[in-house]
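What you see below is based on every heavy atom in this structure, not just the backbone, and it leaves out hydrogens, waters and symmetry mates. Everything numeric in this text was worked out from a predicted model, so none of it was measured.
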Amino acid sequence: MDNFWNNKHVLVTGATGLVGYWLVKALIEKNARVIVLIRDIDPQSELYRTNLVNKTTVVTGALEDYFAIERAINEYEVDTVFHLGAQTIVGTALRNPLPTFEANIRGSYNLLEACRQHKSLVKRIVIASSDKAYGSSPQLPYTEDMPLQGEHPYDVSKSCTDLLATSYARTYELPVTIARCGNIFGGGDLNWSRIVPGTIRNLLQEMPPDIRSNGLFTRDYIYIQDVVHAYLTLAKESHKEEIRGHGFNFGPNRPYNVLEVVNAIQLLMNKKSLQPRILNQAKAEIKDQTLCSKKAGKLLGWKPIYTLEQGLQDTIKWYQEYLRKI
C-alpha cells in the first residue's frame, strides 16, 4: 500500500486543465490534501463538472499574481507543488504572444520565487514542460542533454520556464524537477482544435476529421494515465541528488504522424468511410518531434503502460459518454 501522499499538502496550478483534473483526482484518491490555484471558474472543465473541486481547497488568483501564489503556499503549508498552469495552445500563443509569455514565463518565476521564500515548507516541485521546449532539431529523438531552443512563442515560453526551473535548482538548491511530455491525450480535453478530441467528436457526429497540417507531422502521443504516473513518480523521487534540478522526458518511444493517429481512431470507431480533410493551414509548428525516455526508465523506473490503441480506446469511450449527455 502506497501511503506516500497521505495527508501531503499539495498545490496544483492548472487544475482545470486535462492533466490537472486527472492529477487532482489521483491525489485525492491517495488521501492528499489538494489546494488548487484557479483563475477562471470553468463549469465545462472536469474539475467542476464532476464536482471534484468540492474536495479541494480553492485559492482564486492568476499565475501572474505573485502574492496569490505565495499566500496559497504559506497559508496552506504546502509541501508539494505541481506547476501545470499555463497557456497551452500553440495557435493562441501565435495570435497574441504577450498573455502566453505573461502566464507561462512570469507565472513560472512567480511560483519558483514563492517556493524559494518558503523553502522550509516546500519539499518537492514538478514543473510540467513539453517537448516544445527543445525547439526544432535535425537530431531526433530529443534527449535531456540537448539545448533548449524554442523559436515560436509557445515553444520559447516552455524553454524559458525550464531554464528558470534549472536556475532555481542550481542557484538556490530548490527541489525542482522538470517533466517534458509529448502530445497528451485523454478524456476531459475540450480543446477541440487538438487532433484526438477533434477527430473523435467529428466522427461521432458523422463528419470527416479536419487535419490542420498536411497530416505528416510526427509527434509522441502519450495517454493521460501514463502522464499522471510520471508526475507522481517524479515528485516522489525529487529529493535524490541525481533527480533534483533535472529534466526528464516521458513518452511512448514511438512517434506517430497525424494521419496515423486519425486512422487508428477511425479503425477503433469503425468510421473508415469518413476520410479526413487535409487543410494544410498549420503555422509556427515544428514538423517532427519525438522524445527518448531512457533516462526516466533508468533513474525513475518509469515506462508507459498504455499503447496508443489502449489509450485511444479509453478516450473514445469517455467522449461517447460525455457527448451523449450534453
Exercise for review: May I ask you to decide whether Arg324 forms a salt bridge with Glu321, counting only side-chain N to carboxylate O separations under 4.0 Å?
Suggested key: no
**Study point:** Arg212 bridged to Glu285 by N-O distance under 4.0 Å
**Key:** yes
Would you say [Y] ends up clustered with [X] if hydrophobic residues are merged whenever their side chains have heavy atoms under 4.5 Å apart, either directly or through other cluster members?
X	Y	value
Leu164	Phe101	yes
Leu308	Ile265	yes
Ile200	Met207	no

Pair [X], [Y]: side-chain N/O donor-acceptor within cut-off below 3.5 Å:
X	Y	answer
Lys272	Asn263	yes
Gln313	Glu309	no
Tyr134	Arg180	yes
Thr143	Asp145	yes
Gln87	Tyr154	no
Asn249	Ser293	no

Could you tell me whether the side chain of [Y] reaches within less than 4.5 Å of the side chain of [X], counting heavy atoms only?
X	Y	answer
Leu204	Asn202	no
Thr80	Trp5	yes
Thr218	Gln289	no
Asp314	Tyr223	yes
Tyr306	Ile222	no
Leu234	Trp302	no
Glu70	His118	yes
Lys30	Leu27	no

Review point. Which atom names give the shortest non-hydrogen contact between Leu63 and Asn110, and what distance separates them?
Key: O-ND2, 3.0 Å
**Study point:** Closest contact, heavy atoms only, Pro197 versus Tyr319
**Key:** CB-OH, 3.4 Å
Whether the side chain of [X] engages the backbone of [Y] through a donor-acceptor N/O pair (distance < 3.5 Å, no angle test) should be reported.
X	Y	result
Asp79	His9	yes
Thr92	Thr88	no
Ser159	Gly150	yes
Asn257	Leu259	yes
Asn104	Ala86	no

Practice item. Kindly check if the number of other-residue, nucleotide or ligand heavy atoms within 6.0 Å of CG (Asn270) is above 12? Key: no
Exercise for review: State whether the number of non-hydrogen atoms from other residues, nucleotides or ligands found under 6.0 Å of Glu242 atom CD is greater than 12.
Suggested key: yes
Study note, to complete from the structure: Checking Val19, Val196, Leu18 against Asp189 for side chain to side chain contact (heavy atoms under 4.5 Å, CB included), the one that qualifies is Leu18
Check your understanding: Can Arg219 be said to sit on top of Phe217's aromatic six-ring, NZ or CZ under 6.0 Å from centre and within 45° of the ring axis?
Key -> no
Review point. What distance separates Phe185 CZ from Thr199 OG1, expressed to the nearest 0.5 Å?
Key: 12.0 Å
